[in-house]
Amino acid sequence: MNPLTPETFDANARAALTDEQLRSALRNATSLFGKRRLAAAGSIDNWEELRSQARAIKDETLLHLDQYLEEFTANAETAGAIIHWARDAAEANMIVCNLAHERNARLAVKSKSMVTEEIHLNTALEAAGIEAVETDLGEYIIQLAGETPSHIIAPAIHKTKKQIAELFANKLGIERTNDIAKLTSTARQVLRDKFAAADIGISGVNFAVAETGTILILENEGNIRFTTSLPKIHIALMGIEKVIPRFVDLEVFLKLLPRSGTGQHLTAYQSLITGTKRNADEEGPAELHIILLDNGRSRMLAHPTTRQSLACIRCGACLNACPVYQQIGGHAYGSVYPGPIGAVITPQLFGLAKASQLPYASSLCGACRDVCPVKIDIPQLLLYLRAEITEGSRQKTIGRPREKLPLKPVERLAFKMWAAVMTRPRLYEWSGKVFGVLQRLAIRNGKIGKLNGLLGRVAPPLRAWTAARDLRPIEAQTFREQWRKSLKRDV
Ligand code: SF4
């Protein structure tokens, strides 16, 4: 398992930056996804209009989420599904394990699902004596490697072909080969046997339609069709935010999600599942269980600013566009949700105190906001979370008991001095002059480079700032002095 955690993000990121193989794999994959997304988005005239429509649908749904969930539940049950509600990861895992035990299940096949990663379902199943096999090729690769996904839609994005060839040779006992067709056909053969023997199929959900009680799952490999139709029992897990009001709304999301994620006009398979099979001789599971998971989502829903985090449709486009993710990959975030959206969701789901470094893992360039198909303002959310950290409380955002992250005394003093100077024009002007003189001690070749020695010790933030970049000296004349001079000239 990936031992990295959000608490050690800085160290994780530094280590990732030294991994040339990782950075090369990331460079290739993210730039390819980015180019495909651009081309696919450009193939539709009303791309921006679709983005606005999608956001409006999500906003409407989130405002009335309780009603749409009730509607979905009623219609899914009428169609034969059994609905379960899970407050947190432990409850969701318990429901799945109980369902498996009651049916003497020993083997479960799984299709790719971020929510099952979020609750660590595989670990819970293993502890309960049930083998869980990932069937999406990328997920299968990282399960073999004992790792966690490093991208929302491409879990093994960090692995090179050579590494996968070695992994298959070691774990599956095949001859070492770089031939992709041979590697995939080996995986297919292993997985077909698992599908045939599985007692339970476990999947995620991309969208749940309130109007019809239908769940939609998107994929490219056909493994979800097997997972949801071969075993006698299908268990689908979804976050409560996956519901959308109407069937016709799918038209908007089906145009946006594949184009934003992989640059496809449509995924190879779209499985629309409404209840169980109708007749004994039809294909499909005899039981369909849908688990609706909260796990912190209600807290995000409660605040107008953080609510937009729940509009995410998990396309992964913001990861590919992010200059930070492009350099360090997903594992450095220490969370199942990496990249810009991960930096927003992880602190809200698992606690700001545990993931306080993540909202700072961004240059706030806005590339994530520009590509997001549902127009989530990720920079705004990051700033909001940073403010929460700085203020030392996350109470306003998330409504949990107060978690103190107090300012250090030196920070408090610095902000007080800053406020005093900025609110007194004469003091501001005078301090500019003083700095203008003091900076002469540090200027070398016309710039202020790395501040070591006494100066660095006196002003640690300046030492940190200049450790990686030069500081431009304050002009010989302040702005005010130049302004006054120019006024005199004009007269
Ligand atoms: S935040 Fe937007 S771009 Fe990022 S994964 Fe979610 S929907 Fe996609």
Side-chain angles (χ1 to χ4, degrees), residues 29-31 33-38 40-41 47-48 50-59 61-62 112-115 117-118 138 149-155 157 204-207 216 218 238-244 249-250 252-264 267 296-297 300-301 305-326 329-330 333 335-349 358-359 361-385:
T30 54
S31 73
F33 276 139
K35 277 182 205 150
R36 285 186 182 163
R37 190 202 74 84
L38 258 186
W47 181 252
E48 287 307 313
L50 282 171
R51 289 177 75 208
S52 300
Q53 276 178 25
R55 182 55 189 274
I57 294 167
K58 278 288 183 182
D59 283 347
T61 315
L62 291 169
K112 195 175 93 54
S113 150
M114 293 309 289
V115 87
E117 295 284 349
E118 175 186 323
S150 66
H151 191 285
I152 290 176
I153 59 158
I157 196 172
V205 171
N206 287 102
F207 298 99
L216 168 65
L218 303 174
M238 57 177 265
I240 52 174
E241 80 282 13
K242 295 282 179 176
V243 73
I244 54 169
D249 296 330
L250 286 176
V252 175
F253 292 107
L254 282 176
K255 281 183 181 153
L256 288 170
L257 200 157
R259 283 179 168 86
S260 301
T262 52
Q264 291 170 286
T267 46
R297 288 161 173 81
M300 290 153 82
L301 188 69
T305 303
T306 54
R307 186 177 303 144
Q308 62 172 320
S309 322
L310 295 172
C312 175
I313 55 172
R314 307 280 192 264
C315 71
C318 58
L319 279 63
N320 302 328
C322 175
V324 176
Y325 179 91
Q326 284 168 3
Y333 292 79
S335 162
V336 56
Y337 299 112
I341 191 62
V344 163
I345 288 179
T346 305
Q348 297 186 73
L349 286 182
L358 296 189
S362 167
S363 63
L364 300 179
C365 67
C368 48
R369 179 182 48 211
D370 294 346
V371 297
C372 178
V374 279
K375 293 191 168 180
I376 298 177
D377 193 343
I378 295 177
Q380 184 202 24
L381 285 163
L382 290 169
L383 286 173
Y384 190 86
L385 293 172

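Only this structure's heavy atoms are used, side chains among them; waters, hydrogens and symmetry mates stay out. No experiment lies behind these values; they were computed from the predicted model shown. Counting starts at 1 for both ligands and their atoms, in listed order.
If you check which protein heavy atom lies closest to atom 6 (Fe) of ligand 1, you get Cys312 SG, 2.3 Å.
Checking each of Val344, Asp370, Ile378, Ile152 against Cys318 for a side chain to side chain contact (heavy atoms under 4.5 Å, CB included) leaves exactly one that passes, namely Ile378.
Backbone or side-chain N, O or S atoms of Cys318 reach atom 4 (Fe) of ligand 1 at under 2.8 Å. Here Cys372 fails the criterion, with no N, O or S atom under 2.8 Å of atom 6 (Fe) of ligand 1.
For ligand 1, the atoms sitting less than 4.0 Å from at least one non-hydrogen atom of Pro373 are 2 (Fe), 3 (S), 7 (S), 8 (Fe), numbered in the order shown with element in parentheses. Which parts of ligand 1 touch Cys315 is read off a 4.0 Å heavy-atom cut-off, strictly below it: atoms 3 (S), 5 (S), 7 (S), 8 (Fe). Heavy-atom contacts of Val374 reach the following atoms of ligand 1: 7 (S) (cutoff under 4.0 Å). For ligand 1, the atoms sitting less than 4.0 Å from at least one non-hydrogen atom of Ile341 are 1 (S), numbered in the order shown with element in parentheses. Less than 4.0 angstrom separates some heavy atom of Gly316 from each of these atoms of ligand 1: 5 (S), 8 (Fe).
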Show the numbers, then the answer: is there a side chain to side chain donor-acceptor pair (under 3.5 Å) between Ser309 and Gln348? CA-CA 9 Å; Ser309 322; Gln348 297 186 73; 3.1 Å; yes

For a side-chain contact (heavy atoms from CB on, under 4.5 Å) check, start with the C-alpha distance between Leu319 and Phe33, then their side-chain angles and the critical distance, and finish with the verdict. CA-CA 10 Å; Leu319 279 63; Phe33 276 139; over 6 Å; no

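Using a 4.5 Å cut-off on side-chain heavy atoms (C-beta onward), Tyr337 and Glu117 make no contact.
Summarising the geometry, atom CZ belonging to Arg297 is positioned 8.0 Å from atom NZ belonging to Lys242; distances are rounded to the nearest 0.5 Å. Atom CG of Asn206 is separated from atom CE of Met114 by 12.0 Å, given to the nearest 0.5 angstrom. Taken from CG in Leu301 to OG1 in Thr306, the straight-line distance is 8.0 Å, to the nearest 0.5 Å.
Both the backbone and the side chain of Ile313 come within 4.0 Å of ligand 1, judged by heavy-atom distances.
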